[in-house]
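Structure, as structure tokens:
Proteins come first, then strands; the chains are lettered A, B, ... in the order of their sequence lines, and each starts at number 1. Heavy-atom basis, side chains included; hydrogens, waters and symmetry copies ignored.
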Amino acid sequence: MTGMIAAASSGTADASYFARAERREAWSFALLALPGLVVIGLLLIVPVGWLFVLSFIGKDGGVSLENYARLAQPVYVITFVTTFQIAGIVTLGSILLGYPVAYLLSQLSPRAAAICMIFVILPFWTSVLVRTYAWLVLLQRRGLINSWLVSLGIINEPIPLVNNFIGTTIGMLHVLLPFMILPLYSSMKTIDGDYLKAASSCGASPMRAFWDVFFPLSRPGLFAGTVLVFILSLGFYLTPALLGGGRVSMWSMQIATNVSTYSNWGAASALGVLLLVVTIAILAALNKVFRVDKLYGGR
Amino acid sequence: MLTAAASATQIRHYQRLWLYGLCALIFTFLIVPCVLIVPMSFSASNYLEFPPRAWSLRWYREFFDSAEWMDALWLSLRVAGLTTLIATPIGTAAAYGLSQMPERLTKPLRMSFLLPMIVPNILVAIGVFFVFARLGLNNTVTGLVLVGIMLALPFVLVTVSSGLQSFDGNLERAARSLGATRLQAFLTVTVPQIKSSIAAGALFAFVAAFDEVVIALYISSGENSTLPRRMFANIRDQVDPLVAAVSSVLVVASIVLLLIVQIAKRPEKGAAR
């Protein structure tokens with residue numbers, strides 16, 4: 001672990017001495033992480049903790065569960081249903097679009113893969129705001145998509161593609177797709193091509209080799225991407241706020257409205273705490289299966 | 001038998017045409033919104049149209065001549081720059097500290113550093129707004145930089161940690177056995193080896209702070225609006241080609257950044273994955 005211990009490890013000294021020294025050193029290394037932890041503590045834990053406390057304070061200033069009881073009202077139930085619907089559709093869509101792309105990237109030569117990767121990385125680097133705006137423009141009534149659909153004769157007159165459920169879903173799918181492709185690609189890249197050759201030489205058809213060998217080996221990446229896209233969808237604010245046109249009520253927007261329109265901090269914080277609990281519960285369930293910190297590090 | 005099996009594994013290009021076609025469509029879906037903005041921004045019209053009927057630079061002129069927009073751009077650059085200067089050393093120190101600790105101790109610490117990526121932005125936004133209101137930090141550069149650092153830390157930590165993973169710790173031990181102090185060994189041996197990871201982390205920090213908009217909606221307004229904050233308001237209130245011009249500038253900037261990363265990554269393959 002450390003130079004001192006490595007140098008003295010052949011000695012006969014008391015092992016517990018080194019264990020103690022190692023522990024001491026570990027704590028001094030923890031000090032290096034302290035400034036960062038303080039920043040996260042003060043700017044994340046304290047504000048969110050404050051909201052947590054706030055969510056249990058009723059109108060009369062006493063401790064109460066009224067903020068949570070109110071979440072059973074139909075308006076919130078509709079929000080929850082819409083949020084899970086959109087998150088589900090976006091996640092499914094990103095699997096259907098992301099898997100073939102990641103598969104292709106993993107099969108190409110490194111050079112070709114690097115070139116194709118630009119199509120994934122450039123959107124990933126472009127600000128979410130810019131991309132959302134682009135979809136607003138593309139999907140509007142006289143936008144490119146509508147005029148194409150009309151000129152191709154698929155529709156007779158422009159259909160509303162934005163300021164509704166469809167627009168929100170398309171925009172979110174576009175923003176979140178790279179979060180599916182990148183972990184999928186990094187797990188597919190590690191799959192040894194010899195396994196597939198072995199499967200073929202044992203008589204498997206290419207289809208069979210794919211489903212019985214390749215697909216199971218790509219599952220960790222698929223799993224990571226799915227969870228990442230799903231939890232990011234649950235708490236997404238920007239794209240639904242701009243592409244939903246006020247008609248799509250997602251969880252995060254309900255939080256924002258309660259603060260900015262009604263100044264109802266109790267309701268907003270209860271909604272926020274519940275959103276956080278759901279997000280963490282999903283991650284914790286996943287953590288049982290594999291390490292969540294790898295999920296973020298594996299990008 | 002063997003030759004038959006070997007040729008069966010050779011998937012021919014034409015058998016994969018459907019895959020290439022499908023992926024070409026998906027790539028189009030991914031890339032078109034990022035680049036289509038650029039031609040639209042040269043429109044002479046008051047409305048967004050594609051293709052524009054007449055070309056002009058008027059929206060760029062409007063952007064660069066507007067004191068409000070320039071103030072917003074300058075503010076965002078300052079916030080992102082300060083964030084990078086502070087978050088990069090803090091994040092690098094944390095990544096190094098964690099890399100030297102036994103794994104069972106680091107797992108909860110690493111998770112805490114990832115919290116800013118996990119906790120939904122809107123929740124952080126209203127919480128920070130609530131706390132900043134009591135501290136008088138709303139609408140200040142300090143407040144924006146503090147939030148920027150918090151958001152940037154996970155990016156720096158993840159990037160630098162992956163650089164440290166491929167760094168051979170024995171090099172540092174060798175330096176120390178030759179009399180270097182821990183700090184000397186770190187600065188003269190370790191840092192040069194992981195410098196492209198640190199640079200990538202710094203770039204991520206800059207982009208994270210520059211692009212932040214959800215929290216800025218709450219803690220920045222009026223004269224102290226960041227560029228994304230002003231863009232958001234503009235998009236919501238009127239869809240004119242001015243934001244297309246701003247967006248084009250940002251798209252070109254992200255392409256340049258991407259190229260810089262690609263070039264910087266080359267000498268140290270694998271380390272800055």
Okay, A:Leu43 and chain B: the region with an atom under 4.5 Å from a heavy atom over there is both
Could you look at A:Thr126 and say if it's the side chain, the backbone, both or neither that has a heavy atom under 4.5 Å from chain B? both
Is chain A contacted by the side chain of B:Val213, its backbone, both, or neither, given a heavy-atom distance below 4.5 Å? side chain
Between A:Ser252 (side chain only) and A:Phe236 (backbone N and O only), is there a donor and an acceptor less than 3.5 Å apart? yes
Quick one: what part of B:Ser112 sits under 4.5 Å from any heavy atom of chain A, side chain, backbone, both or neither? both
Quick one: are A:Leu173 and B:Phe29 in side-chain contact, heavy atoms under 4.5 Å? yes
Which region of B:Leu36, side chain (C-beta onward) or backbone (N, CA, C, O), has a non-hydrogen atom less than 4.5 Å from a non-hydrogen atom of chain A, or is it both or neither? side chain
B:Ser41 vs B:Ser248, side chain to side chain donor-acceptor pair (under 3.5 Å): CA-CA, chis, key distance, verdict: CA-CA 7 Å; B:Ser41 66; B:Ser248 304; 3.2 Å; yes
The interface call for B:Leu257 against chain A, heavy-atom contacts under 4.5 Å, is side chain
Heavy atoms only, distances under 4.5 angstrom: which of B:Val251, B:Val32, B:Asn121, B:Val119 has the most pairs with chain A? Name it, please. B:Val119
What distance separates A:Tyr185 OH from A:Met117 CE, expressed to the nearest 0.5 Å? 5.5 Å
When only pairs under 4.5 Å are counted, which of A:Leu129, A:Val128, A:Val46 shares the most heavy-atom pairs with chain B? A:Leu129
Side chain, backbone, both or neither: which part of A:Val259 has an atom under 4.5 Å from a heavy atom of chain B? side chain
Which portion of A:Trp125 sits near chain B, non-hydrogen atoms under 4.5 angstrom: both
Counting only N and O atoms by type, is there a donor-acceptor contact under 3.5 Å from the side chain of B:Glu172 to the main-chain atoms of B:Ala175? no
Using non-hydrogen atoms only, which part of B:Leu153 is less than 4.5 Å away from chain A: side chain, backbone, both, or neither? side chain
Mind checking the OG1-CG spacing from A:Thr239 to A:Leu242? Nearest 0.5 Å is all I need. 7.0 Å
Quick one: what part of A:Leu144 sits under 4.5 Å from any heavy atom of chain B, side chain, backbone, both or neither? side chain
Check each atom of B:Leu22 against the heavy atoms of chain A and say whether the ones under 4.5 Å are side chain, backbone, both or neither. side chain
For chain A, which candidate among B:Ala87, B:Ala244, B:Pro228 shows the most heavy-atom pairs at distances under 4.5 Å? B:Ala244
To the nearest 0.5 Å, what is the distance between CG (A:Leu97) and CG (A:Leu176)? 12.0 Å
Heavy-atom proximity to chain B below 4.5 Å, by part of A:Ile45: side chain
Check whether A:Trp251 gets within reach of chain B through its side chain, its backbone, both or neither, counting any heavy atom under 4.5 Å. neither
What's the spacing between A:Trp148 CH2 and A:Ile145 CD1 if we round to 0.5 Å? 6.5 Å
Below 4.5 Å from any heavy atom of chain B, which atoms of A:Leu271 appear? Answer side chain, backbone, both or neither. neither
Between A:Leu177 and chain B, with a heavy-atom cut-off of 4.5 Å, which part of the residue counts as in contact: side chain, backbone, both or neither? side chain
Measuring heavy-atom distances to chain A, does B:Val243 have an atom under 4.5 Å in its side chain, in its backbone, in both, or in neither? both
Measure distances from B:Leu217 to the heavy atoms of chain A and classify the residue's part below 4.5 Å as side chain, backbone, both or neither. side chain
Measure the spacing between OH of B:Tyr96 and CG of B:Leu164 and express it to the nearest 0.5 Å. 8.5 Å
Bottom line for B:Ala253: the part with an atom under 4.5 Å from chain A's heavy atoms is neither
Identify whether NZ of Lys or CZ of Arg in B:Arg134 sits under 6.0 Å from the centre of the six-membered ring of B:Phe130 and within 45° of that ring's axis. yes
Looking at B:Asp211, B:Val124, B:Leu157, which makes the most heavy-atom pairs under 4.5 Å with chain A? B:Asp211
For the interface with chain A, which of B:Asn170, B:Leu109, B:Ile255, B:Leu25 has the highest count of heavy-atom pairs at distances below 4.5 Å? B:Ile255
Where does B:Leu115 contact chain A at under 4.5 Å (heavy atoms): side chain, backbone, both or neither? both
Select, from A:Met253, A:His174, A:Arg142, the one with the greatest count of heavy-atom pairs under 4.5 Å involving chain B. A:His174
Looking at B:Ser247, B:Ser254, B:Pro116, which has the largest count of heavy-atom pairs under 4.5 Å with chain A? B:Ser247
Residue from B:Ile90, B:Ile26, B:Val156, B:Val131 scoring the most non-hydrogen pairs under 4.5 Å with chain A is B:Ile26
Taking side chain as everything from C-beta outward and backbone as N, CA, C, O, which of these in B:Leu250 sits under 4.5 Å from a heavy atom of chain A? Side chain, backbone, both or neither. side chain
Can you tell me how far CD1 of A:Ile40 sits from CE of B:Met150, rounded to the nearest 0.5 angstrom? 8.0 Å
When the 4.5 angstrom heavy-atom criterion is applied to A:Leu139 and chain B, the contacting part is neither
Applying a strict 4.5 Å limit to non-hydrogen atoms, the region of B:Phe210 in contact with chain A is neither
Could you walk me through whether B:Arg176 and B:Thr181 pass the side chain to side chain donor-acceptor pair (under 3.5 Å) test, one step at a time? CA-CA 6 Å; B:Arg176 290 178 56 210; B:Thr181 63; over 6 Å; no
